[in-house]
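Note that this is a predicted model, so its numbers are computed, not measured. Each chain gets a letter, A, B and so on, in the order the sequences are listed, and its residues count up from 1.
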Number of protein chains: 2
Amino acid sequence: MSKEKFLGEFEQFVLLAILKLGESAYGSTIRQLLAEIIGRDVTIGALYTTLDRLEAKGLLESKIGEATAERGGRAKKYFKVTAQGQSALKRSKQALSSLWQGLTLKVLD
Amino acid sequence: MSKEKFLGEFEQFVLLAILKLGESAYGSTIRQLLAEIIGRDVTIGALYTTLDRLEAKGLLESKIGEATAERGGRAKKYFKVTAQGQSALKRSKQALSSLWQGLTLKVLD
DNA sequence: AAAACAATATCTACAATGTAGAGGAAATTA
DNA sequence: TAATTTCCTCTACATTGTAGATATTGTTTT
């Protein structure tokens, strides 16, 4: 089926963050980790838009958590990288590899 | 002055390719090297559009070569990464670093 | 139970980047 | 000067990036 599309860079970051977060990946935790990884802030709107798109493409799946919050608030939506998401990421990594090596060797430091 | 914008991934690849090509960076050589690096074809239109945009942003500069061709044809347009281009790339590399390391550690192989 | 509050997600819009392909320019050669 | 070759320009549209305002859904307060 797949068109073997390539992931955008931000998409890759998002996927990675979710992978790292494991069970606790939802909006604000993702956003937080992302900020650390990327080194700058990410607005909530930017994040959710990307999350939705990745889910639409089948690279992520989500489930609404139970509303067991302690201090009120809407239920969290937990995300998880699908198998398809993993392979997409794996492919990206391939291409990234040459970029990374190139940049590393090519002075720039 | 700078808005400190981030480079797109394809833009990074293009910049790197030009850096690697040195004196001989023009349309078709860039396209060729890019194909190797990225692992898939890049249409000529896609390439020039990006080249132009990078130049407009001051990350690249170009000069038309002398028409000393051997078998006819229009003069080549040679590209070169500016100092500004180098630093932009350097900044991108920073962010890429965490992505690359994350992907490397996070199994996926 | 209504009002205020808190935590989270959805929607809408627009900007930037990615991607293609048809077509135009300039030089060489027949 | 017409044909051929090599290369670049233009136009258009798709995808991804980014933001902010707003809606939902619980809890706590009054």
Side-chain angles (χ1 to χ4, degrees), chain A residues 2-15 17 24-32 34-35 37-38 40-57 59-60 62-79 88 92 95 99, chain B residues 2-15 17 24-32 34-35 38 40-60 62-79 88 92 95 99:
Chain A
S2 53
K3 245 337 248 350
E4 289 296 338
K5 292 276 297 102
F6 272 71
L7 293 169
E9 199 169 41
F10 184 58
E11 290 180 320
Q12 297 175 229
F13 279 112
V14 170
L15 252 20
S24 44
Y26 73 93
S28 85
T29 55
I30 298 175
R31 189 158 98 100
Q32 218 170 292
L34 226 34
I37 296 181
I38 302 186
R40 73 188 140 122
D41 256 47
V42 172
T43 60
I44 200 70
L47 175 57
Y48 278 109
T49 301
T50 297
L51 249 16
D52 290 348
R53 287 174 186 162
L54 287 172
E55 184 167 19
K57 289 194 272 188
L59 307 186
L60 277 183
S62 67
K63 85 170 182 243
I64 305 296
E66 313 202 358
T68 326
E70 298 95 47
R71 243 169 298 173
R74 188 174 182 166
K76 296 168 182 167
K77 188 174 183 181
Y78 291 96
F79 289 90
S92 294
L99 180 57
Chain B
S2 53
K3 240 349 237 356
E4 289 295 335
K5 291 277 294 101
F6 272 72
L7 292 170
E9 198 170 41
F10 185 58
E11 291 180 318
Q12 297 176 228
F13 278 113
V14 170
L15 251 20
S24 45
Y26 74 94
S28 85
T29 53
I30 298 175
R31 188 159 98 102
Q32 219 170 290
L34 227 34
I38 303 185
R40 75 188 137 122
D41 256 46
V42 172
T43 60
I44 200 70
L47 175 56
Y48 279 109
T49 300
T50 297
L51 249 15
D52 290 350
R53 286 175 186 162
L54 287 172
E55 185 167 17
K57 287 195 273 186
L59 308 185
L60 276 184
S62 67
K63 85 167 181 246
I64 305 297
E66 311 201 0
T68 327
E70 298 95 46
R71 245 169 298 173
R74 188 175 182 166
K76 295 166 182 166
K77 189 174 183 181
Y78 291 96
F79 289 89
S92 294
L99 179 58

Interatomic distance where CZ belongs to A/F79 and C1' belongs to C/dT10 [whole Å]: 11 Å
From CZ of B/R74 across to C1' of D/dT6 the rounded distance in Å is 10 Å
Return a single string for nucleotides 10-19 of chain D, one symbol per nucleotide in 5' to 3' order, where B is base contact, S is sugar-phosphate-only contact and - is none, cutoff 4.0 angstrom on heavy atoms. -B---SBBBB
Protein-nucleotide distance (B/E66, atom CD; D/dC7, atom P), rounded to Å: 16 Å
For B/K77, check side-chain contact (heavy atoms from CB on, under 4.5 Å) against everything at least two apart and list the hits. B/D52, B/E55, B/S62, B/I64, B/F79
Rounded to whole Å, please give me the gap between OH in A/Y26 and C1' in D/dT25. 15 Å
Below 4.5 Å, heavy atoms only, C-beta onward: do A/D41 and A/R31 meet side chain to side chain? yes
Between CG of B/L34 and P of C/dG18 the distance, given in whole Å, is 11 Å
Would you say C/dT10 has OP1 or OP2 under 4.0 Å from some side-chain N or O of A/K77? yes
Just how far, in rounded Å, is C1' of C/dT8 from CG of A/L51? 12 Å
With heavy-atom distances below 4.5 Å as the criterion, would you say the side chains of B/L54 and B/L15 are in contact? yes
Show, in sequence, the C-alpha distance, side-chain angles and deciding distance for A/L59 and A/L7, and conclude whether the side-chain contact (heavy atoms from CB on, under 4.5 Å) test is met. CA-CA 10 Å; A/L59 307 186; A/L7 293 169; 3.5 Å; yes
Would you kindly give the NZ-to-P distance between A/K76 and C/dA7, to the nearest whole Å? 10 Å
What is the distance, rounded to the nearest whole Å, between atom CD of B/Q12 and atom C1' of C/dG18? 14 Å
Taking the side chain as every heavy atom from C-beta outward, state whether A/F6 and B/E9 have any atom pair closer than 4.5 Å. no
Across all chains, not counting sequence neighbours, the ring pair (Phe, Tyr, Trp, His ring centres under 6.0 Å) partners of B/F10 are none
